[in-house]
2 protein chains.
Amino acid sequence: MEEHDELKKTGLKVTLPRLKVLNIFESSKEKHLTAEDIYKEMLGSGEEVGLATIYRVLTQFEQAGLLIRHHFESGKAVFELNEKSHHDHIVCLQCGHVEEFVNEGIEKLQTQVANEHGFTIIEHSLYIYGDCTKKDCEYKK
Amino acid sequence: MEEHDELKKTGLKVTLPRLKVLNIFESSKEKHLTAEDIYKEMLGSGEEVGLATIYRVLTQFEQAGLLIRHHFESGKAVFELNEKSHHDHIVCLQCGHVEEFVNEGIEKLQTQVANEHGFTIIEHSLYIYGDCTKKDCEYKK
DNA sequence: TAATAAATGCGTTTAATTTTCATTATCTTC
DNA sequence: GAAGATAATGAAAATTAAACGCATTTATTA
Ligand SMILES: [Mn+2]
Ligand SMILES: [Mn+2]
Ligand SMILES: [Zn+2]
Ligand SMILES: [Zn+2]
């Protein structure tokens, strides 16, 4: 059991809610999910779970390095599996569609900027917002 | 009176709270301020004002193009005067010190990335976080 | 200065997230 | 495999930043 061991390694107890949350991230077609998304998904599939547990688990997973937390401009935190290889995001302001990208040039220039300002760079957040060109792109509340 | 005219141009009524908020931004040594910062500053200097007014005025000023709203990772919105020329930010995770920068290379590459993904870029947010090297840098709550 | 339309302050409300606490499940040990 | 220690859970209450409703006050305009 893959997810079981992944949890074991974090030192966290292997519980049903935790397994399910991990499972949702690993099987969902949408990889960027909010606490609410997870919660509804679990309720929908008949799980008995409290929203507080979801929030707790997400934060624990983040601290354990399993998840990454993002703040798009929606106001709510968005999580995704920590794939280890860094990437940034471009988000459609119309339909919410998210695409990922890595641009070595941008990464290098950021380090350079930090150096120029006497900072040791720890992390960065870069979100590009715009209009996408998906055929089914439309504003969704 | 400079600030008076600046307000006039926005179509908003020239009121004391609005003048004072504008004045704080134009005279403060720290240019990136939260609603709370403004509120405390005004209470401190004897103004009679409600926090709701601050929130309302900040949003109105943002819509009028007088202010820019940022979301650093503090959780609360941060505002600064809209100097018209775009810049990004590098923030010290220890002391909260903020420096501004513009890097044309990064700007160009962002546009390029957007194009490659079929997006029309509307805006972006880039924050670099790290440790600064100010002599008086230390963790402040 | 009076009429009108907008702005203010106070208190209430919302939305996301966190905390408290009693109950329950997991892990470890025997 | 059962018992004890410890951590996790769910429900409800608490917190926090921000928005809102409304009666009252103020700025603008005539
Ligand atoms: Mn991603
Ligand atoms: Mn700035
Ligand atoms: Zn779209
Ligand atoms: Zn510092």
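Order of the sequence lines sets the chain letters (A, B, ...), proteins ahead of strands, with each chain counted from 1. Predicted model only: the values in this text are computed from it and were never measured. All heavy atoms count here, side chains included; hydrogens, waters and symmetry mates do not.
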Exercise for the section: Indicate whether any N or O donor in one side chain lies under 3.5 Å from an N or O acceptor in the other, for B:His86 and B:His124. Expected result: yes
How close or far is atom [atom2] of [N] from atom [atom1] of [X], stated in whole angstroms?
X: B:Lys8; N: C:dA6; atom1: NZ; atom2: P; answer: 15 Å
X: B:Lys20; N: C:dG9; atom1: NZ; atom2: P; answer: 13 Å
X: B:Phe79; N: D:dA18; atom1: CZ; atom2: C1'; answer: 10 Å
X: B:Arg69; N: D:dA17; atom1: CZ; atom2: C1'; answer: 11 Å
X: B:Leu33; N: D:dA17; atom1: CG; atom2: C1'; answer: 17 Å
X: A:Leu51; N: D:dT9; atom1: CG; atom2: C1'; answer: 13 Å
X: B:Met42; N: C:dT8; atom1: CE; atom2: C1'; answer: 11 Å
X: A:Glu62; N: C:dT17; atom1: CD; atom2: P; answer: 12 Å

Exercise for the section: Please state whether the base of C:dA5 and the side chain of B:Lys13 form at least one donor-acceptor pair under 3.5 Å? Expected result: yes
Problem - Comparing B:Leu12 and B:Tyr39 on DNA chain C - which has the more 5′ nearest nucleotide - result: B:Leu12
Identify whether any heavy atom of [X] sits under 4.0 Å from a base atom; if not, whether one sits that close to sugar-phosphate; answer base, sugar-phosphate or nothing.
X: B:Arg18; result: sugar-phosphate
X: B:Ala77; result: sugar-phosphate
X: A:Glu36; result: nothing
X: A:Leu16; result: nothing

Problem - Crowding at NZ, B:Lys31 (>12 non-hydrogen neighbours, <6.0 Å) - result: yes
Does [X] place a side-chain N or O at less than 4.0 Å from the phosphate oxygens OP1/OP2 of [N]?
X: B:Thr15; N: C:dA6; value: no
X: B:Thr53; N: C:dG9; value: yes
X: B:Lys76; N: D:dA17; value: yes
X: A:Tyr55; N: C:dT18; value: no

Exercise for the section: By nearest nucleotide on DNA chain D, pick out whichever of B:Val14 and B:His71 is the more 5' one. Expected result: B:His71
Completion exercise
Nearest-nucleotide check on DNA chain D, B:Arg56 vs A:Pro17; residue mapping nearer the 5' end is A:Pro17
Completion exercise
Of all heavy-atom pairs linking B:Gly65 and B:Lys84, the shortest is O-NZ, 4.0 Å
Exercise for the section: For this output row, return yes or no: ring centroids of B:Tyr127 and B:Phe72 closer than 6.0 angstrom. Expected result: yes
Practice task
Check whether the ring centres of B:His70 and B:His89 lie less than 6.0 Å apart, and answer yes or no.
Solution key: yes
